> 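Below is one structure. I have some questions about it.
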Amino acid sequence: MYENVPDEVDNVIVTGKSGAGKQPRIDVLVEEYGLEQLSTGDIFRSYLGEFDGYGYDGDISQFWDEEKEEFVADDRIAEEIGTDKEEVILGLKAKYFVDRGKFVPDRITNQLFDSYFGKQDYSDQVLDGYPRTVDQADFLLDLVEEKNTKVDFILWVRNTDEKIIARTTKRRICPECGEVYHLKYDPPEDGKCADCGVEVIQRSDDTEEKIRARLQEFKDKTKPMIEYLDGKIPIAEVSGHLEEFTPENVRKSVMSSLEELYE
Ligand code: AMP
């Protein structure tokens, strides 16, 4: 039925505004191509959890040097918070940005991305939420060339700011496995994750103010990144909004946008 779409891929990028509805489209690609999902947002959230679990209650903005646009040295942070555990310090840095709806600086993000991408030999992955800036895109292009692999296509999930705000403020996630629920469209039974049985939570950055900050970051940094990659990597576009949201409709929309791209 889909004659022109590639049978196999090395890696693909799924991009779009935060909250555009990437996850169901990622699920289609994971299943279709047997890929693993690599989500920088999930990675940052897990480090953020390490920091929160550690329990430092001082003001973390003291560690960000606004003028130099960088964090103070790690040993100074370690001394003040009382631990030099790498996960906790990285969690603190992630929290500073994630909680403001701002992007984590490229240098930190690229380094972290590289180490996770390499865990599975730089292939067979859906890159979710990375790259998000021109600098990250450049880093990725150099990396795939160096590792002799490639990104086959970009799937751009499009949605309007209004729909995203309505959707994300009702979004809940499982703190264990990251499964996404929606209070209206896909409510968790008894407020618990169907797989893990633990209570679902609201992401700390899913308030309207922070969502608006993330949408602004998309306009300022990610839109130019997509324009930059246009012509270098094929881009398929798909709507993040479906009148009738069913697994079949999601799959059909993803596969037909790829079919159109490769026609
Ligand atoms: P997401 O779950 O993809 O919406 O990401 C949540 C938050 O993690 C973002 O708002 C950023 O603060 C941070 N983040 C995730 N991916 C990136 C990235 N590629 N570059 C910079 N910050 C990121």
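Because the structure is predicted, anything quoted here is derived from the model rather than measured. Start at 1 and go down the list; that is how both ligands and their atoms are numbered.
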> Mind checking whether I165 and R212 have side chains closer than 4.5 Å, heavy atoms only?
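In short, these two side chains touch, coming nearer than 4.5 Å.
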> Among protein heavy atoms, which lies nearest atom 14 (N) of ligand 1, and at what distance?
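Checked against all protein heavy atoms, atom 14 (N) of ligand 1 sits closest to F44 CD1, 3.5 Å.
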> For atom 1 (P) of ligand 1, which candidate among E217, R132, Q136, R214 holds the nearest heavy atom?
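Of the listed residues, R132 has the closest heavy atom.
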> Among protein heavy atoms, which sits nearest to atom 7 (C) of ligand 1, and what does the distance come to when rounded to 0.1 Å?
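Sorting protein heavy atoms by distance from atom 7 (C) of ligand 1 puts V98 CG2, 4.0 Å first.
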> For K150, is there any backbone N or O sitting under 3.5 Å from a side-chain donor or acceptor partner on N11?
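Pair found, side chain donor or acceptor close to backbone of K150.
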> Check this for me - ligand 1, P131, N or O atoms closer than 3.5 angstrom, yes or no?
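Such a contact does not occur with ligand 1.
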> Would a 4.5 Å heavy-atom cut-off, applied to side chains only, mark I89 and E86 as touching?
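No - every pair of side-chain heavy atoms lies 4.5 Å or more apart.
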> Under 4.0 Å from a heavy atom of F103: which atoms of ligand 1 are those, numbered in the order shown and with their elements?
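What qualifies from ligand 1 is 21 (C), 22 (N).
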> Looking at Q136 and R132, would you say the former's side chain and the latter's main chain have a donor-acceptor pair under 3.5 Å?
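Between the backbone of R132 and the side chain of Q136 there is a qualifying donor-acceptor contact (under 3.5 Å).
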> Under a 4.0 Å threshold between the charged nitrogen and the carboxylate oxygen, would D74 count as salt-bridged to K93?
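A salt bridge links K93 with D74.
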> When K17 is tested against each of I211, I164, N159 for side chain to side chain contact (heavy atoms under 4.5 Å, CB included), which residue passes?
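Answer after filtering I211, I164, N159: I164.
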> Flag V104 as yes when one of its N or O atoms lies below 3.5 Å from any N or O atom of ligand 1, and as no otherwise.
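N/O-N/O distance under 3.5 Å: yes.
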> Which of the numbered atoms in ligand 1 are under 4.0 angstrom from any heavy atom belonging to Y130?
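In order of number, 19 (N).
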> Is any NZ, NE, NH1 or NH2 atom of the basic residue among K221 and D106 found under 4.0 Å from an Asp or Glu carboxylate oxygen of the other?
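Looking at K221 and D106, the cut-off is not met.
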> Using 4.0 Å as the upper bound for N to carboxylate O, is an ion pair formed by R214 and D206?
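Counted as a salt bridge, because a side-chain N and a carboxylate O are separated by less than 4.0 Å.
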> Check if R45 has a non-hydrogen atom at a distance under 4.0 Å from any atom of ligand 1.
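Flag set, R45 near ligand 1.
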> Per the side chain to side chain donor-acceptor pair (under 3.5 Å) rule, what does the pair list look like for residues 51-62, sequence neighbours excluded?
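Passing the test, one end in residues 51-62: D52-K95, Y56-Q62, Y56-E80, D59-S61.
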> Note the single closest protein heavy atom to atom 5 (O) of ligand 1, along with its residue, its atom name and the distance in Å.
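That would be G41 CA, 3.5 Å.
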> If the contact criterion is a heavy-atom separation under 4.0 Å, does R100 count as touching ligand 1?
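R100 does not count as a contact of ligand 1 under the 4.0 Å cut-off.
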> Before signing off on this row, confirm whether K102 and ligand 1 have an N or O atom pair separated by under 3.5 Å.
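Yes, there is a polar N/O contact under 3.5 Å.
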> Which residue and atom name correspond to the protein heavy atom nearest atom 4 (O) of ligand 1, and how close is it?
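Nearest protein contact, heavy atoms only, for atom 4 (O) of ligand 1 is S18 OG, 2.8 Å.
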> Examine D205 against ligand 1 and note whether any of their N/O atoms are separated by less than 3.5 Å.
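No - when backbone and side-chain N and O of D205 are compared with those of ligand 1, no distance drops under 3.5 Å.
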> Considering only heavy atoms, does K221 approach ligand 1 within less than 4.0 Å through its side chain, its backbone, both, or neither?
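None of K221 does.
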> Can a salt bridge be assigned to the pair K192 and D190 using a cut-off of 4.0 Å between side-chain N and carboxylate O?
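Here K192 does not pair with D190 in a salt bridge, since their nearest N and O are not under 4.0 Å apart.
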> Would you mind running through ligand 1 and noting each atom that sits below 4.0 Å from a heavy atom of T109?
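Checking each atom against T109, I get 18 (C), 19 (N), 20 (N), 21 (C).
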